[in-house]
Amino acid sequence: MRSLPAADPGVPDARSPIGYLLWVARMQRGPLLLGIGYATLWWLAMALVPAAMGNGIDAITAKDLPALITWGTVVLALGITQAVMGILRHRMAVYNWLNAAYRTVQVTVRQSTRLGATLPKRMSTGEVVSVGNSDIAHIGNAMDILLRGCGAVVAIAVVTVILIGASPQLGLMVLVGLPLVAVAVAPLLKPLHRRQNEHRDLQGDLATRAADIVTGLRVLRGIGGERVFADRYGAESQRVRHAGVRVASVESMLEGAQVLLPGLLIAGVTWLGATFAMRGEITAGQLVAFYGYAVFLIAPVRTLTEAADKLTKGHVAARRVVRILALNPEVEGGTGRSEGGLLRDVTSGVAVRPGMLTAVAAAVPEEAVTIADRLGRYGDGDVDFGDVALDTLPISEVRRRILVADNEAQLFAGVLRDELDVTGRASDEEITRALQAACATDIVEALPGGLEGRVAEAGREFSGGQQQRLRLARALTLDPEVLILIEPTSAVDAHSEARIADRLAKARAGKTTLVCTTSPLVLDRTDHVIYVEGGIVRAQGTHRELLATHPGYTAVVTRGEES
């Protein structure tokens, strides 16, 4: 199984969330190591302050002014180091967060593009959207916490060595106490992991529900179904809320443990240190230093607990990303080449002749769609393009040379010109000709700003017929070698349909074009008509010839005319 797009060589097996996180870390190892270095120096600057202060107090007790000045200067230097390293650490933390988050966006979008029509068949919209909504943040947090987490380990090790050197009993107490704190917190991580998984899945389902409602809002209002779907959404959102509360309950226990357990350790260290000071075994300065270390250790211990939490969330998020990256397209390409020519679907017998406007009229519309998908390599099938099997060509070449335009194609938010000219290479004259052929010039004229006007998400400001005409204009602007149109006039009135049929024939004159339709207005303007029934070609000829000779074709076209 191919785990990631070929554009990302060296990426580990995408079935492993840990492998993905390690890959992200390896891809930004330079900034990550630099950030870890800054974080380590930042922690060490804080860790050495109690020792410097303790020595300063001992200098005051001994009335040693030069020593006091020396240790005061050391405290100042440590403070400056801490401030500088803190700024640099934070900058690198933000850099690594953004790098990891948007690298995930890049590989996910690249994989989505690679999968094409396969993705919506395998995953819901909500699952994919949730990657960009929340998963990238958790993956970014996982990289961010590595900086402070690694520095915290070094700081704890250094403080432990200092404590053991000054007082073996106190040092051992800290050395034993810290692992006990970590062990005591560990049982909370497994239920946290499980509840985060459940919450994450419910969030994806809710996002899918929301996307469905927004997309079908007009239909829901038409049938009076808003309240029903609003109630369903409300019920699902409550399930998400309850799952979030269950996650928060474990997180709150984790947060409490982060305060309570290190606090008990501090109390023990302070009590034991005070006992030693009263016996004269350690100086007053050492007592202050021990107390300072005990207080200081709260921060790195909390950081390690935070690291466990964020790495757990990052693992959950990476699992979702991996689920997308592990998918493979339903169709794969080869390395062959074709000079073009006759495009023929062997299964059905449909042959699209070069330079002609051909139509497929199917007794069942879904049969025409299936044939169009095979001809455009969106489904497996025995298809020839000239003298070469279509499945031997690279997918990128097939997409460049053969365009299948259906009514499921979306208009995206942005400038209308960019919507129509997706390659950015068309001139104003070419866009204008495409708009005229699709009878869509009035739509552009009515839009504030014309071609420079902005289109809302999914083109919701346009009616169904307007969207269909703009989709047709976009396909004509691209001007592919082979254009396959699926019901390009099903949402327009008869007058507009007749004009589009005339202009489409002129716009694609001498170019290979296939129109899947049962509209007599369109069929009458085509050069060649193929009638399909039961998934197989039953008759061929001009529209008028088939009307006169084939009752089945006549029945299909008449039904289309009456509707």
Given side chain to side chain contact (heavy atoms under 4.5 Å, CB included), test Asp64 with Leu68 step by step and report yes or no. CA-CA 6 Å; Asp64 186 350; Leu68 178 61; over 6 Å; no
Heavy-atom check, side chain of Leu416 versus side chain of Leu447, under 4.5 Å: yes
Mind listing the closest non-hydrogen atom pair of Gly151 and Thr40 along with its distance? CA-OG1, 3.6 Å
Carefully, step by step, assess Arg374 and Asp380 under the rule side chain to side chain contact (heavy atoms under 4.5 Å, CB included). CA-CA 6 Å; Arg374 289 201 296 262; Asp380 279 321; over 6 Å; no
Side chains of Leu34 and Leu88 in contact at under 4.5 Å (non-hydrogen atoms): no
Under the criterion side chain to side chain contact (heavy atoms under 4.5 Å, CB included), I'd like the reasoning laid out for Ile486 against Asn407: C-alpha separation, chi angles, the key distance, then a yes or no. CA-CA 7 Å; Ile486 300 176; Asn407 289 318; 5.6 Å; no
With a sphere of 6.0 Å drawn around CD1 of Ile18, does it hold more than 12 non-hydrogen atoms of other residues, nucleotides or ligands? no
Between Gln111 and Arg114, a side-chain donor and acceptor under 3.5 Å: yes
Heavy-atom pair of closest approach, residues Leu32 and Ala25: CD2-CB, 3.8 Å
Answer whether the closest heavy-atom distance between the side chains of Tyr378 and Asp406 falls below 4.5 Å. no
Applying side chain to side chain donor-acceptor pair (under 3.5 Å) to Asp373 and not counting sequence neighbours gives none
Check: Lys310 main-chain N/O paired with Asn141 side-chain donor or acceptor under 3.5 Å: no
Quick one: do Phe412 and Val455 satisfy side chain to side chain contact (heavy atoms under 4.5 Å, CB included)? Show the steps, please. CA-CA 7 Å; Phe412 299 100; Val455 178; over 6 Å; no
Return yes if some donor-acceptor pair links the side-chain N/O of Gln467 with the main-chain N/O of Leu411 below 3.5 Å, else return no. no
Any donor-acceptor N/O pair, Asn96 side chain to Asn99 backbone, under 3.5 Å: no
Look only at the side chain of Arg195 and the backbone of Ala248, and say whether a donor-acceptor pair between them is shorter than 3.5 Å. no
Answer yes or no: is there a donor N or O on one side and an acceptor on the other, between the side chain of Glu306 and the main chain of Ile145, under 3.5 Å? no
Keeping Gln286 on the side-chain end and Thr283 on the backbone end, is there a donor-acceptor pair under 3.5 Å? yes
Are any side-chain N or O atoms of Glu452 and backbone N or O atoms of Gly449, one a donor and one an acceptor, separated by less than 3.5 Å? no
In Å, rounded to the nearest 0.5 Å, how long is the span from CZ of Arg323 to CZ of Arg122? 13.5 Å
How about Arg29: does its CZ atom have over 12 heavy atoms from other parts shown lying under 6.0 Å from it? no
Pro448 backbone acceptor or donor facing Arg454 side chain under 3.5 Å: no
Assess whether atom CE of Met85 is packed by more than 12 heavy atoms of other residues, nucleotides or ligands within 6.0 Å. yes
If you compare all heavy atoms of Leu470 against all heavy atoms of Leu420, which two are closest, and at what distance to 0.1 Å? O-CD2, 3.7 Å
How far does CZ of Arg103 sit from CE of Met143, to the nearest 0.5 angstrom? 10.5 Å
Quick check: closest heavy atoms across Ala52 and Leu78, and the distance to 0.1 Å? CB-CD1, 4.2 Å
Taking the six-membered ring of Tyr20 (Phe, Tyr or Trp), confirm whether the NZ or CZ of Arg319 is under 6.0 Å from its centre and within 45° of its axis. no
Those residues that, when tested against Phe296, pass side chain to side chain contact (heavy atoms under 4.5 Å, CB included) (two or more places apart): Trp43, Met46, Ala47, Ala155, Val159, Pro300
Rounded to the nearest 0.5 Å, how far apart are CG of Asp144 and NE2 of His90? 8.5 Å
Quick one, Val74 and Asn55 - any side-chain contact, counting heavy atoms below 4.5 Å? no
For residues Val404 and Ala372, report the shortest heavy-atom separation together with the two atoms involved. CG2-O, 3.8 Å
Nearest heavy atoms of Ala405 and Ala475, plus distance in Å: CB-CB, 4.0 Å
According to salt bridge (Lys or Arg N to Asp or Glu O under 4.0 Å), who are the partners of Arg474, at least two apart in sequence or on a separate chain? Glu419
Could you tell me whether the side chain of Arg399 and the main chain of Gly376 form a donor-acceptor pair under 3.5 Å? yes
CD1 (Ile87) and CH2 (Trp42) are apart, to the nearest 0.5 Å, by 12.0 Å
When rounded to the nearest 0.5 Å, the distance separating CG of Leu327 from CG of Leu119 is 7.0 Å
To the nearest 0.5 Å, atom CG of Leu146 lies from atom CD1 of Ile36 at 6.0 Å
Glu330 side chain vs Thr118 backbone, donor-acceptor pair below 3.5 Å: no
